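A quick note: this is a predicted structure, and the numbers were derived from the prediction, not measured.
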Amino acid sequence: MREAPESDAALSAFDAYAHAKRDRFKELYGDWLKARAAYHDPSLESTDAVMDARSDAMDAAARRLLATPSVVGWMIFKKFEVFDEWLSCDDKWTDNRLVFAAGCIKADLLRFVKDDPDA
């Protein structure tokens, strides 16, 4: 995480940077929620091929969200939602997605601890 600058001009640029990162994270979270909703929507077509495509879209959105560094603490909890969703599935994945999710969350937690001088 970037350190807050001292001057007003630099602070304004930092705020713009932080807001852009926050907005991008919100967009990625929304993408994952939409993909998840489409996957679970019973009113949509549910052939095997369509459900496989929706599952792939949901997984890709989850990976993009998890791989994006959190700049605000609440973002970590959104990543826990993905982790919890994956934990609750009975699928037998071979791509180590749970390790990936845990590693992304751990990296965020370590980043926040490193940036906190009282920690």
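When all heavy atoms of A67 and F100 are compared, the closest pair comes out as CB-CZ, 4.2 Å. Heavy-atom minimum distance, A38 versus L44: O-CD1, 3.7 Å. Across all their heavy atoms, A35 and A61 have their closest contact at CB-CB, 4.5 Å. The nearest pair of heavy atoms linking R63 to W86 is CG-CH2, 4.3 Å. Nearest heavy-atom pair, E85 versus H40, reported as atom, atom and distance to 0.1 Å: OE2-NE2, 3.7 Å.
Using modelled atom types, one side-chain atom of D108 and one backbone atom of S70 make a donor-acceptor pair closer than 3.5 Å. Of the possible polar contacts, none joining the S46 side chain to the P42 backbone as a donor-acceptor pair under 3.5 Å is found.
When side chains are defined from C-beta on, V50 counts as touching T47, because their heavy atoms get closer than 4.5 Å. No side-chain heavy atom of K78 sits under 4.5 Å from any side-chain heavy atom of W32. At least one side-chain heavy atom of F25 sits under 4.5 Å from a side-chain heavy atom of L65. Side-chain contact check for Y29 versus M75: every heavy-atom pair is 4.5 Å or farther apart.
Note on D23 versus K26: no salt bridge recorded, every NZ/NE/NH1/NH2 to OD/OE distance being 4.0 Å or above.
Note: I76 CD1 to R111 CZ = 8.0 Å, rounded to the nearest 0.5 Å. Atom-to-atom distance recorded for C89:SG and L98:CG is 9.0 Å, nearest 0.5 angstrom. With values rounded to the nearest 0.5 angstrom, R22 atom CZ is found 13.0 Å from E27 atom CD. Taken from CE in M58 to CG in D31, the straight-line distance is 13.5 Å, to the nearest 0.5 Å.
Linking ILVMFWY residues whenever their side-chain heavy atoms come closer than 4.5 Å, directly or via other members, places W74 and L66 in the same cluster. No path of Ile, Leu, Val, Met, Phe, Trp and Tyr side chains, each step under 4.5 Å between heavy atoms, connects V99 with L87, placing them in separate hydrophobic clusters.
The salt bridge (Lys or Arg N to Asp or Glu O under 4.0 Å) check on R97 picks up D59, D95, with sequence neighbours excluded. Partners of K21 according to the salt bridge (Lys or Arg N to Asp or Glu O under 4.0 Å) rule, which considers only residues two or more places apart in sequence or in another chain, do not exist here.
The aromatic rings of F80 and F83 stand perpendicular to each other, their planes meeting at an angle above 60°, with 30° marking the opposite boundary.
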